[in-house]
Amino acid sequence: MNCYNCGALLTENDFCTGCGADVRYYKKIIGLSNMYYNDGLEKAHVRDLSGAVRSLTECLKLNKFNIDARNLLGLVYFEMGETVNALSEWVLSKNLKAEKNIADDYIEAVQNNPSQLEGLNQAIKKYNQALVYCQQGSLDLAVIQLKKVLSINPRFLRAHQLLALLYIQSEDWEKAKRELNKCSRIDVRNTTTLRYLQEVNAALVEDDAKGAHRNRKSEDVIKYQSGNETIIQPVNVQEPKKSFAFLIYLLVGAAVGLAVALTLVMPARMQSLRTQLNEESRAVGEQLEKRNAELSELQAQVEQLEAQNKDLVEELDAYAGTDGTLQTVEDLLNAAYIYLNTPEDIEGIAGALEAVSEESMNSDTISAAYRNLYDKLLELTGPEISQACMENGNTAYRDGDYDTAITELERAFSYDETNSDALLLLGDAYRRNGDSRNARQIYDQVTELFPNTENARRAQNALSELEG
């Protein structure tokens with residue numbers, strides 16, 4: 001037994017050794033609850049189900065967290081045909097103790113059998129309809145409904161008791177006793193069953209006494225066996241003579257019987273058929289509503305999944321980007337790896353840095369760490385890459401390959417914007433390649449970026465030559 005306050009294991013003391021709480025009355029309450037549980041368990045073993053329900057209810061009043069008592073109460077309710085009460089107890093038990101609870105198995109056993117669950121549901125609906133018939137005075141229809149209920153759920157104790165009560169109302173004592181005996185087999189000490197059974201037994205004894213009195217008055221008879229039938233013939237009674245009047249009486253009796261059947265039996269039969277048809281129509285309607293609800297739920301789930309998929313695609317696009325942001329991250333990391341592993345591989349570093357797209361660097365999704373790493377690599381390797389490109393461009397220029405020279409010299413200036421030699425030589429390459437417009441722009445750029453330098457003076461002379 002654990003403390004209600006701190007959860008510590010209690011000892012024989014009247015206080016908790018963990019938090020010092022007074023647990024004297026708490027122990028008594030828990031002990032009394034366990035006593036009721038044991039009493040309910042013993043009564044359930046001997047099929048005193050109503051007594052078990054009373055004991056287990058008292059147990060849960062004292063300790064609602066007694067999971068074993070709540071699960072057992074659900075089993076007792078289920079054995080009595082009270083499916084709704086049983087499921088209610090098991091659901092409460094599962095909510096109170098979510099892990100390692102046998103109530104999960106009980107609920108799963110009921111819910112995983114849709115046909116059984118639907119049958120139990122129909123039995124409850126038919127029982128309620130029988131109650132309505134009883135209130136309306138249509139006892140015959142109520143009997144029919146209750147027989148259908150018991151064909152679906154033979155352990156429904158309240159249906160047996162109500163059917164027995166209807167038989168008592170119609171003074172059909174033998175059928176009433178049969179139903180009450182079935183009730184006794186389900187719950188041996190049910191108070192309602194015992195009270196009904198006492199009334200039925202008393203009525204049967206009275207009928208037996210009246211039957212013996214009638215037998216004493218009819219001793220002057222002759223009995224003999226003919227096959228499987230017993231023939232009883234009164235003594236000194238003359239057999240009436242058959243006549244035309246007898247035939248008339250027979251026809252009149254047949255007509256009266258037919259009229260009674262048409263006026264009494266047929267309306268009840270038609271009413272029963274109409275009720276059955278309405279009930280079946282209602283059942284079909286309920287199933288259709290259920291299917292429509294399931295379809296609506298599935299459509300809502302599809303829409304929800306489509307929305308989630310759209311959000312995920314947008315999120316992925318935000319991470320990857322249409323400009324290949326993820327690929328550029330990999331290229332930048334590759335450039336950093338080459339620099340750290342083989343710093344002399346200038347061409348490899350340059351290739352990796354040039355693989356990083358300009359669009360990705362201008363994207364709003366680029367983080368500060370990504371941009372800082374790119375700028376730091378340019379700062380550390382830019383001058384060397386610029387010098388290497390400058391040499392390649394100068395070689396191509398001397399060989400007359402001005403297109404290659406322009407490409408290499410543009411790379412050289414992009415990696416080091418202080419390399420005025422590369423920029424001046426780029427203008428000469430454009431001029432030698434016949435592109436005077438770009439040559440003028442480059443020379444103007446040299447004079448603007450590097451004023452009062454030798455390269456600025458040479459650029460100005462080149463501009464003068466172009467204008468001349």
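The residues of the chain are indexed from 1 along the displayed sequence.
Side-chain atoms of Asn121 do not come within 3.5 Å of backbone N or O of Leu117 as any donor-acceptor pair. No donor-acceptor distance shorter than 3.5 angstrom exists from the side chain of Asp399 to the backbone of Asp401, with no hydrogens or angles considered. Counting only distance, with no hydrogens or angles, the side chain of Asn309 and the backbone of Leu305 share no donor-acceptor pair below 3.5 Å. Under the 3.5 Å distance criterion, the side-chain polar atoms of Ser151 are matched with a main-chain donor or acceptor of Lys148.
Using cut-offs of 30° and 60° on the angle between ring planes, the pair Tyr402 and Tyr397 is perpendicular. Using the six-membered ring where Trp is involved, Phe413 and Phe450 have ring planes that are perpendicular, over 60° apart on the 30 and 60° scheme.
No side-chain donor from either of Ser88 and Tyr77 sits under 3.5 Å from a side-chain acceptor of the other. Judged purely by distance below 3.5 Å, without hydrogens or angles, the side chains of Ser115 and Asn113 pair a donor atom with an acceptor atom. Side chains of Gln161 and Asn190: a donor on one and an acceptor on the other come within 3.5 Å. A side-chain donor from one of Glu118 and Gln122 sits under 3.5 Å from a side-chain acceptor of the other. In this model, no donor atom of one side chain and acceptor atom of the other lie less than 3.5 Å apart for Asp68 and Asn71. No hydrogens or angles considered: a donor-acceptor pair under 3.5 Å links the side chains of Ser93 and Asn101. For the residue pair Tyr36 and Asn63, no side-chain donor N or O sits within less than 3.5 Å of a side-chain acceptor on the partner. No side-chain N or O of Ser170 forms a donor-acceptor pair with one of Asp172 less than 3.5 Å apart.
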Verdict with supporting geometry, Tyr26 and Ile30, side-chain contact (heavy atoms from CB on, under 4.5 Å): CA-CA 6 Å; Tyr26 174 71; Ile30 298 300; 3.8 Å; yes

side-chain contact (heavy atoms from CB on, under 4.5 Å) evaluation trace for Thr193 with Asp187: CA-CA 9 Å; Thr193 301; Asp187 185 2; 6.0 Å; no

Criterion side-chain contact (heavy atoms from CB on, under 4.5 Å) on Tyr430 and Arg440, from CA distance to verdict: CA-CA 9 Å; Tyr430 274 125; Arg440 289 190 183 93; over 6 Å; no

Derivation of the salt bridge (Lys or Arg N to Asp or Glu O under 4.0 Å) call for Glu79 and Arg47: CA-CA 10 Å; Glu79 186 65 20; Arg47 298 200 66 84; 3.0 Å; yes

Test side-chain contact (heavy atoms from CB on, under 4.5 Å) applied to Lys43 and Leu49, step by step: CA-CA 7 Å; Lys43 290 180 178 179; Leu49 302 185; over 6 Å; no

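Between the CG atom in Asn455 and the CG atom in Asp421 there is a gap of 5.0 Å [rounded to 0.5 Å]. Expressed to the nearest 0.5 Å, how far OG of Ser420 lies from CD of Gln445 amounts to 11.5 Å. The CG atom of Leu466 sits 5.5 Å away from the OG atom of Ser436 when rounded to the nearest 0.5 Å. Atom CD of Glu465 and atom CZ of Arg431 lie 5.0 Å apart (nearest 0.5 Å). Put simply, CG on Leu62 and CG on Leu32 are 5.0 Å apart, with the number rounded to the nearest 0.5 Å. Rounded to the nearest 0.5 angstrom, Leu426 CG and Gln441 CD are separated by 10.5 Å.
Looking at Leu60 and Glu89, their side chains come closer than 4.5 Å, going by heavy atoms from C-beta outward. A heavy-atom distance below 4.5 Å is found between the side chains of Asn394 and Leu425. Side-chain contact check for Tyr443 versus Gln460: every heavy-atom pair is 4.5 Å or farther apart. Residues Ile186 and Phe156 have side chains not in contact (no heavy-atom distance under 4.5 Å, counting atoms from C-beta outward). The shortest side-chain heavy-atom distance between Val132 and Gln129 falls under the 4.5 Å cut-off. Between Val110 and Gln116, every side-chain heavy-atom pair lies at or beyond the 4.5 Å cut-off.
In this structure, Glu179 and Leu150 approach most closely via the heavy-atom pair OE1-CD1, 3.9 Å. Residues Asn66 and Ser33 approach most closely at ND2-OG, 3.7 Å, considering heavy atoms. Summarising the geometry of Gln145 relative to Ala130, their closest heavy-atom pair is CB-CB, 3.9 Å, with the distance given to 0.1 Å. The nearest pair of heavy atoms linking Val76 to Ala44 is CG2-CB, 4.3 Å. Scanning both residues, Arg70 and Leu92, for their nearest heavy atoms gives NH1-CD1, 3.6 Å. The minimum heavy-atom distance linking Ala123 with Val149 is given by the pair O-CG2, 3.5 Å.
With salt bridges taken as basic N to acidic carboxylate O contacts below 4.0 Å, one links Asp104 and Lys94. Ion pairing of Lys125 with Glu279 is absent here, as no side-chain N (NZ or NE/NH1/NH2) approaches a carboxylate O to less than 4.0 Å.
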